[in-house]
Each structure stands twice: as C-alpha cells, then as structure tokens.
Amino acid sequence: MVICVLVLIAGVMASGCLGSRTPPVTRPTVPAILVDYSRTGGIAGIQDRLVIFDNGVAVVSGRTVNQEIELNRTDIDRIILLFDQGHFSMLGGNYSGRPGSADLIKYTISYRNTTVSAEDTAIPPALQPVIDELNRVISMSAARGVAAQSSKNIFY
C-alpha cells in the first residue's frame, strides 16, 4: 500500500513537470530608417536633422528642439508618395549652388539607399515637395515642443 502511494505521488509530481511548454518569446523587429534628412547652413546657421523610421517614429534634433514624435500612417504614406512622385532614385547625387553663393541652406536626404544633396538655389523641382514636407514635420515637432514646454511652465 505504501509503495502504491509513493508511486502515485511520484507520478503526480512528474506529471506536473510535463505540463505545457512555454511559448517562444518573439522579439519585436528593429525599425528601419525610412528617411534621414538634414538641413544646415543659412544666415542663421541652421543645424536640423530628422530621422523617420518605418514604424512612424521620428526623431528631430537641432538647436531649438530634440525630441521624438510619432507620425501617423497618413503622414508616412504622404512622404512615401512624394518620394515616388519625385522619382527620387533617379535624381543626381549633388545639386550645388553657384560658386561664391553665400548663406545657402544645404539639404541632404537619404531614402531607400539613395542620397541626394542640394543647396537652396539648385533644388530640382521634383525634390522641392519632399523638402517642403520634411520641413513641415520639423516645424510640427518644434510647435509640439513649445506647447509641451508651455504646459510645463503653467505649474511654476
């Protein structure tokens, strides 16, 4: 009888160890860079950078702002459409202003393994809507940063 009880207890204990398996842990995929954009120079000495990831997260850094924002799917789709409409991959790599030009802003944009640099007076017409949209995102983030800072100051 004691042996039967011991065998029964050992069987119950062993069956607890044979329970269901723990499901494998899935690791989230690392987002890829969709757009890397910088604008530098000009009379004000601009130094802004915008990095947009394929998951909609964007990082904006510059003299007056350094923050992370989230773009919605509509914004991402609009940006992709502008690159496609401008045939970005077909553009040349460098569009320089006239020699001796002063206070020009230089724009450098990387998108899908293509990098294009252009200065104010030499921006190809197909690239201008892309630059305008990326500048809008930077301005939008700066406005959000000012609003966030203003709401913090209310309590002081």
Side-chain angles (χ1 to χ4, degrees), residues 17-156:
C17 294
L18 300 175
S20 64
R21 293 181 143 206
T22 303
V25 176
T26 57
R27 300 193 190 277
T29 58
V30 176
I33 294 176
L34 180 66
V35 178
D36 190 345
Y37 170 66
S38 67
R39 61 182 183 183
T40 58
I43 195 163
I46 296 171
Q47 291 182 340
D48 292 329
R49 184 169 182 204
L50 168 65
V51 178
I52 302 173
F53 295 90
D54 61 358
N55 64 355
V57 172
V59 178
V60 180
S61 58
R63 289 190 174 162
T64 60
V65 67
N66 190 10
Q67 67 179 6
E68 184 177 296
I69 61 172
E70 190 159 343
L71 302 176
N72 62 39
R73 190 73 236 167
T74 303
D75 290 331
I76 296 294
D77 290 344
R78 180 177 42 248
I79 290 167
I80 291 170
L81 179 65
L82 289 170
F83 276 102
D84 291 346
Q85 287 176 339
H87 303 286
F88 187 79
S89 64
M90 305 299 280
L91 293 172
N94 191 25
Y95 297 89
S96 297
R98 291 186 184 148
S101 298
D103 300 324
L104 299 179
I105 296 175
K106 181 177 183 177
Y107 306 93
T108 303
I109 306 167
S110 296
Y111 174 75
R112 292 188 178 163
N113 301 318
T114 300
T115 300
V116 175
S117 294
E119 291 179 329
D120 272 337
T121 59
I123 297 171
L127 189 58
Q128 189 64 56
V130 172
I131 290 174
D132 291 343
E133 180 63 18
L134 299 175
N135 286 341
R136 184 190 71 79
V137 172
I138 290 174
S139 297
M140 178 178 67
S141 74
R144 287 182 186 174
V146 168
Q149 187 62 37
S150 296
S151 66
K152 287 180 186 176
N153 291 337
I154 291 172
F155 299 108
Y156 293 107

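For the single chain, residues carry numbers from 1 onward in sequence order.
Atom CZ of R63 has more than 12 heavy atoms from other residues, nucleotides or ligands within 6.0 Å.
Within the 4.5 Å cutoff, no side-chain heavy atoms of D48 are placed close to those of N135. Side-chain contact between Y95 and I123 is absent, with no heavy-atom pair separated by less than 4.5 Å. The closest side-chain heavy-atom distance from I33 to F53 is below 4.5 Å. Residues T40 and T108 form no side-chain contact, since every pair of their non-hydrogen atoms from C-beta on lies 4.5 Å or further apart. Here the side chains of V35 and L50 are not in contact, with every heavy-atom distance at 4.5 Å or above. Put simply, the side chain of L82 does not reach to within 4.5 Å of the side chain of D132, judged on heavy atoms. Using a 4.5 Å heavy-atom threshold, the side chains of I79 and R136 count as separate. Two residues are said to be in side-chain contact when any heavy atoms from C-beta on lie closer than 4.5 Å; I80 and R112 meet this criterion.
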Stepwise side chain to side chain contact (heavy atoms under 4.5 Å, CB included) check, L71 with M140: CA-CA 10 Å; L71 302 176; M140 178 178 67; 3.6 Å; yes
Stepwise side chain to side chain contact (heavy atoms under 4.5 Å, CB included) check, I109 with I131: CA-CA 9 Å; I109 306 167; I131 290 174; 3.8 Å; yes
Derivation and outcome, side chain to side chain contact (heavy atoms under 4.5 Å, CB included), residues I52 and D75: CA-CA 11 Å; I52 302 173; D75 290 331; over 6 Å; no
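In this structure, the salt bridge (Lys or Arg N to Asp or Glu O under 4.0 Å) partners of R73, at least two apart in sequence or on a different chain, are D77.
Going from atom CG of L134 over to atom OG of S38 covers 10.5 Å, rounded to the nearest 0.5 Å.
The minimum heavy-atom distance between N66 and S61, with the atom names listed, is OD1-CB, 3.6 Å. Listed here is the closest heavy atom pair of L127 and A118: CD2-CB, 4.1 Å. The two residues G86 and A126 make their nearest non-hydrogen contact at O-CB, 3.5 Å. Closest approach of S117 to K106, counting heavy atoms only: CB-CE, 3.8 Å.
Here the side chain of D120 pairs no donor or acceptor atom with the backbone of L104 at under 3.5 angstrom. Side-chain atoms of D36 do not come within 3.5 Å of backbone N or O of S110 as any donor-acceptor pair. A donor-acceptor pair is defined here as one N or O able to donate and one able to accept, closer than 3.5 Å; such a pair exists between the side chain of Q67 and the backbone of S141.
Classified by interplanar angle (parallel below 30°, tilted 30° to 60°, perpendicular above 60°), the ring pair Y111/F88 is perpendicular. Between Y37 and Y107, the angle of the ring planes stays under 30°, which puts this pair in the parallel group of the 30/60° scheme.
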